[in-house]
Amino acid sequence: WGLKGVGSALGPDCMKHPLTIPGGTRQSPINIQWRDSVYDPFLKPLKISYDPATCLHIWNNGYSFLVEFDDSTDRSIIDGGPLENQYRLKQFHFHWGAINDWGSEHTVDCKFYPAELHLVHWNAVVYPTFEEAVMEGDGLAVIGVFLKLGARHEGLQTLVDALPAVKHKDTVIEFDVFDPSCLMPSCPDYWTYAGSLTTPPLTESVTWIIKKQPIEVDEDQLEAFRMLLFTSDGEEEKRMVDNFRPLQPLMNRTVRSSFQ
Ligand code: BO1
Ligand code: ZN
């Protein structure tokens with residue numbers, strides 16, 4: 001992969017060892033090469049409608065912290081964008097690095113952001129449960145939002161304040177009102193492509209919608225993420241950092257953009 005003259009055929013240099021990574025034909029995350037994305041004038045604006053009262057709790061699952069929602073009815077949903085159906089919000093979580101030079105799962109032109117937010121939704125029109133949707137090509141829709149270093153994010157701070165209570169793996173606290181739309185960038189532009197979950201079971205069930213504009217968070221907020229632990233109470237403490245999957249090969253896929 002380091003050989004001169006073959007770089008363009010094999011993709012950008014940020015794709016270190018794609019052949020060593022197992023998986024199918026539509027794995028995630030990927031590098032989004034801006035100039036290779038294709039503007040699709042038929043892509044609709046993404047419509048987000050979340051009910052803050054569907055928020056249930058925050059838990060440390062030993063890989064990230066998840067904010068989970070009541071998905072028994074259509075109260076927190078997205079539709080439009082590349083989606084043929086409406087999808088219900090199940091949970092959101094983040095991926096981040098030990099330092100600010102990396103941490104996001106997706107990259108744009110090989111640039112990593114310090115963190116990435118994933119809002120996970122499932123197709124409750126077609127599938128009876130989340131677990132069934134996970135197994136199907138059109139089962140899930142995940143919105144990805146990059147976090148960049150800048151001003152403190154007041155909406156995120158509500159979550160950050162709760163993190164010390166879920167420091168250890170398998171701890172849960174009630175968190176019964178939160179509107180995740182406060183974490184959405186104002187710019188409507190996005191990229192979309194067909195991909196997979198980025199942790200096991202890695203199923204190829206995700207329509208990815210990656211927002212072009214990052215949100216700003218400050219150093220203290222990222223540091224609060226890095227104070228969480230991969231480990232349970234009583235175990236030798238391991239900081240929860242670098243909880244992202246390596247980039248996967250694009251294979252035979254096109255990344256579409258909603259903007260020109
Ligand atoms: S991600 O958004 O691609 N990083 C992603 C990766 C894995 C899951 C969700 C999103 N996993 C699923 C599990 C289910 C669980 C569900 C909801 O998350 O497969 O068992 O119920 O939290
Ligand atoms: Zn994720």
Side-chain angles (χ1 to χ4, degrees), residues 21-24 26-32 46 54-72 76-78 81-83 87-97 102-107 112-124 127-147 156 159 166 169-173 175 178 180 183-184 190-211 214-215 222 225 228 230 240-248 253 255:
I21 298 158
R26 50 174 279 192
Q27 289 288 296
S28 296
I30 58 164
N31 175 47
I32 296 168
L46 186 65
T54 59
C55 192
L56 296 174
H57 47 247
I58 308 182
W59 70 294
N60 177 334
N61 71 349
Y63 192 75
S64 183
F65 69 90
L66 272 64
V67 181
E68 294 200 298
F69 291 78
D70 173 7
D71 62 350
S72 62
S76 286
I77 52 147
I78 57 168
L83 306 172
Y87 285 65
R88 268 185 210 168
L89 179 64
K90 166 86 172 170
Q91 51 110 327
F92 70 82
H93 62 271
F94 298 82
H95 303 263
W96 62 91
W102 59 77
S104 64
E105 294 209 300
H106 292 87
T107 57
F112 286 92
Y113 287 88
E116 185 174 330
L117 161 65
H118 289 160
L119 295 130
V120 182
H121 310 77
W122 61 285
N123 185 345
Y127 304 106
T129 65
F130 181 90
E131 286 66 32
E132 277 157 281
V134 163
M135 305 306 295
E136 307 296 334
D138 61 351
L140 304 183
V142 183
I143 302 176
V145 179
F146 296 117
L147 277 61
L156 182 68
L159 292 176
V166 292
K169 183 183 178 196
D170 294 328
T171 50
V172 187
I173 55 158
F175 201 73
F178 186 77
L183 301 173
M184 213 53 64
Y190 62 85
W191 291 283
T192 184
Y193 76 98
S196 74
L197 293 177
T198 65
T199 61
L202 302 174
T203 46
E204 297 184 326
S205 53
V206 180
T207 300
W208 280 96
I209 300 164
I210 307 289
K211 300 284 284 185
I215 57 169
L222 289 168
F225 286 15
L228 292 169
F230 282 132
M240 183 179 281
V241 293
D242 297 337
N243 56 351
F244 55 89
R245 189 185 192 199
L247 291 166
Q248 303 296 305
R253 288 179 288 181
V255 177

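Whatever order the structure lists ligands and atoms in, that order sets their numbers, starting from 1. Bear in mind the structure is a predicted one, so any value in this text is a computation, not a measurement.
His95 contributes atom NE2 as its closest N/O/S atom to the Zn ion (ligand 2).
Against a heavy-atom cut-off of under 4.0 Å, Leu66 is close to the following atoms of ligand 1: 22 (O). Which parts of ligand 1 touch Pro201 is read off a 4.0 Å heavy-atom cut-off, strictly below it: atoms 19 (O). Shown in contact with His95 at under 4.0 Å from a heavy atom are these atoms of ligand 1, numbered in order with element: 4 (N). Close approach to Glu68 involves these atoms of ligand 1, each under 4.0 Å from a residue heavy atom: 22 (O).
When all heavy atoms of Leu228 and Val166 are compared, the pair lying nearest together is CD2-O, 3.5 Å. The shortest non-hydrogen separation linking Ile30 to Gln248 is CG2-O, 3.7 Å. When every heavy atom of Val255 is checked against every heavy atom of Ile32, the shortest pair comes out as CG1-CG2, 4.2 Å.
Between Phe69 and Phe92, the angle of the ring planes lies from 30° to 60°, which puts this pair in the tilted group. Relative ring orientation between Trp96 and Phe65 is described as tilted, the plane-to-plane angle lying within the 30° to 60° band.
Of the listed residues (Gln91, His118, Glu116), the one carrying the non-hydrogen atom nearest atom 9 (C) of ligand 1 is Gln91.
Protein heavy atom in closest approach to atom 11 (N) of ligand 1: Leu197 CD1, 4.1 Å. If you check which protein heavy atom lies closest to atom 13 (C) of ligand 1, you get Phe130 CE2, 4.4 Å.
The protein reaches atom 4 (N) of ligand 1 closely, with a heavy atom under 4.0 angstrom from it.
Contact annotation for Trp122 and ligand 1: no heavy atom of the residue comes within less than 4.0 Å of the ligand.
Taking any N or O of Thr199, backbone or side chain, none lies under 3.5 Å from an N or O belonging to ligand 1. Between Lys90 and ligand 1, not a single N/O pair is under 3.5 Å apart.
With the Zn ion (ligand 2) at the apex, His118 ND1 and His93 NE2 define an angle of roughly 110° (rounded to 10 degrees).
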